[in-house]
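Quantities reported herein were computed from a predicted structural model and do not represent experimental measurements. The chains referred to below are lettered A, B, ... by the order of the sequence lines, with proteins before strands, and numbering in each begins at 1. Note: hydrogens, waters and symmetry copies are ignored here, and every other heavy atom, side chains too, is used.
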Amino acid sequence: MASTASAIQAPKGTRDILPAESARWQAIERIARELATLYHFDEIRTPIFEHSELFHRGVGETTDIVSKETYTFSDREDRSLTLRPEGTAGVVRAVIEAGLLNDQGARVKVFYIGPNFRCEKPQKGRYRQHHQFGVETLGIAEADADVECILLQMEFYRRCGVKDLALRINSLGDAESKQRYRDALVKFISPAASTLSEESQRRLASNPLRILDSKDERDIKAIRGAPPAAEYLSEASAKHFTRARDLLGKANVPFTVDGTLVRGFDYYTGIVWEVTAAGLGAQNAIGGGGRYDNLVEMLGGRATPGVGFGSGLERLLIALEEQGVAIDTRQRPLVWLVSLGDAARDANWQLMQQLRAAGVRCDMDPTGRSAKSQFKLADREKAAWSVTTGDSELAGGTVSLKNLASGEQTSVPRDQIVAKLQSV
RNA sequence: GUGGCCGUAGCUCAGUUGGCAGAGCGCCAGGUUGUGGUCCUGGACGUCGCGGGUUCGAGUCCCGUCGGUCACCCCA
């Protein structure tokens with residue numbers, strides 16, 4: 001630690017995934033990939049930065065995420081670029097650009113796992129770089145696609161072992177329904193505008209629907225008795241919502257309809273949903289999604305409906321941790337080679353190559369420490385087996401194989417040890 | 001962006017009205033010329049987050065700053 005230069009720290013709100021935790025990440029990412037593939041979604045990987053315009057047009061100028069939380073910078077050619085704050089806009093941009101929606105009736109089902117960036121003040125479950133697993137279905141307008149996404153999402157949580165989940169859904173309807181409801185809401189709230197919180201007074205003009213899910217007492221009071229969104233749904237939107245609830249019921253997925261659920265991004269049009277989990281503190285949304293039937297067109301593609309969700313992986317891991325859920329991070333057993341003397345060390349160096357070539361996970365300490373120290377290391381590294389070589393083994397053409405859990409040690413001919421360890 | 005709490009060894013933390021920098025765990029070595037997870041003995045490891053101020057003297061008091069944490073806000 002004695003260094004003259006001051007140590008550089010990770011940027012605020014970012015975290016290193018250290019060796020002790022990476023197995024947990026790999027485990028949930030593996031579950032996500034297997035499950036998405038099972039539901040016939042293919043992986044897509046898009047850049048972590050995009051032209052800033054993409055998020056302004058796609059996610060929306062009035063959303064906090066775009067208006068005050070992006071990491072935006074100019075490159076050497078003076079183009080404005082932004083680290084992606086969410087996954088959907090980039091995926092839709094990529095799908096349009098690759099022409100995957102150009103055929104009539106084309107559909108695309110993709111999933112992604114990767115980092116997003118938002119310059120917020122960090123707190124529990126909220127980081128400046130966070131990771132999401134998400135899926136998008138493009139080209140299917142039916143509620144079946146919405147419900148497929150929700151089922152996949154809930155099954156993901158089930159397989160990871162999260163408990164105490166709550167699914168809430170709502171529908172603000174298509175663009176026309178949303179506009180009608182927006183007008184009605186403004187009309188209802190306006191007489192009491194001066195009693196709203198400062199933030200909501202601003203939102204009354206820019207994004208009045210957001211006032212619905214404000215936690216501010218003044219806002220809650222002002223919207224009491226406000227007309228429900230359901231009354232302003234077009235016939236098509238109402239039908240869509242009904243079918244979605246019906247399908248969820250038949251799939252035995254518990255949910256509640258929450259008329260105050262309004263999700264942040266401008267591109268949402270019909271159904272939106274959110275899943276919360278116990279153990280997360282104030283940031284208790286573990287994932288959310290919704291339908292965005294205008295986004296593809298807004299981004300320059302042929303008008304195509306879309307639906308998807310994003311799920312925060314840090315929050316998932318926090319919930320699992322807080323709930324005391326064990327994640328299966330088992331690896332193949334580790335073999336530790338113990339060398340007593342230089343000749344033995346050289347022999348073990350060769351043996352280690354043979355074992356690795358044969359698929360046996362193994363390691364050794366090359367620093368010439370005492371047998372005791374080498375066994376302590378094996379113990380600390382959670383090795384299952386030790387293979388000891390010393391003068392007597394070299395003379396006899398054997399190694400000493402020890403089961404470190406039971407302490408039992410046997411002599412094995414040197415030319416049989418690789419095959420023997422392959423079979424344990 | 002606003003506010004509360006917190007930064008001392010690798011980790012968890014003590015440190016009294018300002019007066020020699022501490023404990024437990026972990027780590028290294030020995031006890032056992034070749035055997036771990038128990039035990040015993042010894043040892044190493046600190047810019048007290050950083051910068052400034054007050055003072056004879058600051059881990060301790062004051063100011064600033066960086067970071068962590070929690071909440072608001074927002075969201076995964």
Original post:
Quantified in whole Å, what is the C1' atom distance between nucleotide rU54(B) and nucleotide rG64(B)?
Top reply: 15 Å

Original post:
Taking the same atom, P, in rG7(B) and in rA14(B), what whole-Å distance lies between them?
Top reply: 8 Å

**OP:** In whole angstrom, give me the gap between the C1' atoms of rU65(B) and rG57(B).
**Re:** 25 Å

**OP:** Let me know the distance between CG of Asp379(A) and C1' of rG36(B), rounded to the nearest Å.
**Re:** 5 Å

**OP:** Report, as a single string ordered 5' to 3', how protein heavy atoms within less than 4.0 Å touch nucleotides 69-76 of chain B: B base, S sugar-phosphate only, - not at all.
**Re:** SBBBBBBB

Subject >> Residues which pass ring pair (Phe, Tyr, Trp, His ring centres under 6.0 Å) with Tyr127(A), listed by chain and number, not counting sequence neighbours >> reply: none

**OP:** Please list all pairs passing the side-chain hydrogen bond (donor to acceptor under 3.5 Å, both in side chains) test where one or both residues lie in residues 330-341 of chain A, with sequence neighbours left out.
**Re:** Asp328(A)-Arg330(A), Gln331(A)-Arg361(A), Ser339(A)-Asn348(A)

Subject >> Polar side chain donor-acceptor pair, Thr256(A) to Asp258(A), under 3.5 angstrom >> reply: no

Original post:
Using atom C1' of each nucleotide, how far apart are rG4(B) and rG10(B) to the nearest Å?
Top reply: 30 Å

Subject >> Whole angstrom value for the distance that separates C1' of rG34(B) from NZ of Lys372(A) >> reply: 13 Å

Original post:
Cut-off 3.5 Å, side chains only: do Glu393(A) and Thr388(A) have a donor facing an acceptor?
Top reply: no

Subject >> Nearest-Å distance for atom pair CG/P, residues Leu337(A) and rU35(B) >> reply: 18 Å

Exercise answer: donor-acceptor pairs, residues 293-301 of chain A side-chain atoms, under 3.5 Å, sequence neighbours excluded:
| unit_1 | atom_1 | unit_2 | atom_2 | d |
| --- | --- | --- | --- | --- |
| Asp293(A) | OD1 | Arg291(A) | NH1 | 2.8 |
| Asp293(A) | OD1 | Gly306(A) | N | 3.2 |

Subject >> Tyr71(A) OH: over 12 foreign heavy atoms closer than 6.0 Å >> reply: yes

**OP:** Rounded to the nearest angstrom, tell me the gap between atom CZ in Arg380(A) and atom C1' in rG10(B).
**Re:** 12 Å

Subject >> Partner residues of Arg158(A) under the salt bridge (charged side-chain N to carboxylate O under 4.0 Å, His left out) criterion, sequence neighbours left out >> reply: Glu155(A)

Original post:
Can you name the residues that form a salt bridge (charged side-chain N to carboxylate O under 4.0 Å, His left out) with Glu321(A), not counting sequence neighbours?
Top reply: Arg24(A)

**OP:** Kindly write out the residues that satisfy salt bridge (charged side-chain N to carboxylate O under 4.0 Å, His left out) with Lys68(A), not counting sequence neighbours, or none if the list is empty.
**Re:** Asp64(A)

Original post:
What does Ala383(A) touch in the nucleic acid at a heavy-atom separation under 4.0 angstrom: a base, only the sugar-phosphate, or nothing?
Top reply: nothing

**OP:** Provide the full list of side-chain hydrogen bond (donor to acceptor under 3.5 Å, both in side chains) pairs with a residue in residues 27-42 of chain A, sequence neighbours left out, each pair given once.
**Re:** Arg33(A)-Glu43(A)

Subject >> Base rG34(B) to side chain Gln409(A), donor-acceptor N/O within 3.5 Å cut-off >> reply: no

Original post:
Pairing of RNA chain B as dot-bracket, 5' to 3': ( ) intra-strand, [ ] crossing, | other strand, . unpaired, with Watson-Crick or G-U pairs under 3.5 Å?
Top reply: (((((((..((((.....[..)))).(((((.......))))).....(((((..]....))))))))))))....

Subject >> Spacing of Lys12(A) atom NZ relative to rG1(B) atom C1', expressed in whole Å >> reply: 11 Å

**OP:** Please state the P separation for the pair rG26(B) and rU32(B) - nearest whole angstrom.
**Re:** 22 Å

Original post:
Distance check: side-chain N/O of Ser373(A) vs OP1/OP2 of rA29(B), anything under 4.0 Å?
Top reply: yes

**OP:** Check if the side chain of Ser392(A) and the base of rG34(B) share a donor-acceptor pair of N or O atoms closer than 3.5 Å.
**Re:** yes

Original post:
Under 4.0 angstrom, heavy atoms only, what part of the nucleic acid is Asn116(A) near: base, sugar-phosphate, or nothing?
Top reply: nothing

Can you give me every donor-acceptor pair (side chain of residues 411-424 of chain A, partner residue at least two apart or in another chain, under 3.5 Å) with its distance?
| unit_1 | atom_1 | unit_2 | atom_2 | d |
| --- | --- | --- | --- | --- |
| Arg414(A) | NH2 | Ala347(A) | O | 3.4 |
| Gln422(A) | NE2 | Ala358(A) | O | 3.0 |
| Ser423(A) | OG | Lys420(A) | O | 2.8 |

**OP:** Could you work out the separation of rC61(B) and rA76(B) based on their C1' atoms and round it to a whole Å?
**Re:** 43 Å

Original post:
Got a sec, which residues hit salt bridge (charged side-chain N to carboxylate O under 4.0 Å, His left out) with Arg180(A), two or more places apart in sequence or on another chain?
Top reply: none

**OP:** With Lys163(A) as the cation and Tyr157(A) as the aromatic partner, state whether NZ or CZ is under 6.0 Å from the six-membered ring centre and within 45° of the axis.
**Re:** no

Original post:
Would you say the base of rU35(B) and the side-chain of Gln374(A) have a donor-acceptor pair closer than 3.5 Å?
Top reply: no

**OP:** Measure from NZ on Lys402(A) to P on rG37(B) and round the result to the nearest Å.
**Re:** 10 Å

Original post:
P atom, rA29(B) versus rG36(B): distance in rounded Å?
Top reply: 13 Å

Subject >> Protein-nucleotide distance (Lys376(A), atom NZ; rG31(B), atom P), rounded to Å >> reply: 12 Å

**OP:** For rC39(B) and rG24(B), measure between their P atoms and round to the nearest Å.
**Re:** 14 Å

Subject >> Residue from Val257(A), Leu233(A), Asp146(A) passing side chain to side chain contact (heavy atoms under 4.5 Å, CB included) with Ser171(A) >> reply: Leu233(A)

Original post:
Looking across every strand, which nucleic acid part, if any, lies under 4.0 Å from Gly289(A) by heavy atom: base, sugar-phosphate, or nothing?
Top reply: nothing

**OP:** Would you classify Gly341(A) as touching base, sugar-phosphate or nothing, given that sugar-phosphate means primed atoms plus P, OP1 and OP2, and contacts are heavy atoms under 4.0 Å?
**Re:** nothing

Report all interatomic pairs (protein N or O, nucleotide N or O of nucleotides 48-52 of chain B) with separations under 3.5 Å.
none

Subject >> Given rU35(B), rG67(B), rA29(B), the nucleotide with the shortest approach to the side chain of Thr388(A) >> reply: rU35(B)

Original post:
Which is true for Ser370(A) with a 4.0 Å heavy-atom rule: it touches a base, it touches only sugar-phosphate, or it touches nothing?
Top reply: sugar-phosphate

Original post:
In whole angstrom, what separates Glu381(A)'s CD from rC27(B)'s P?
Top reply: 11 Å

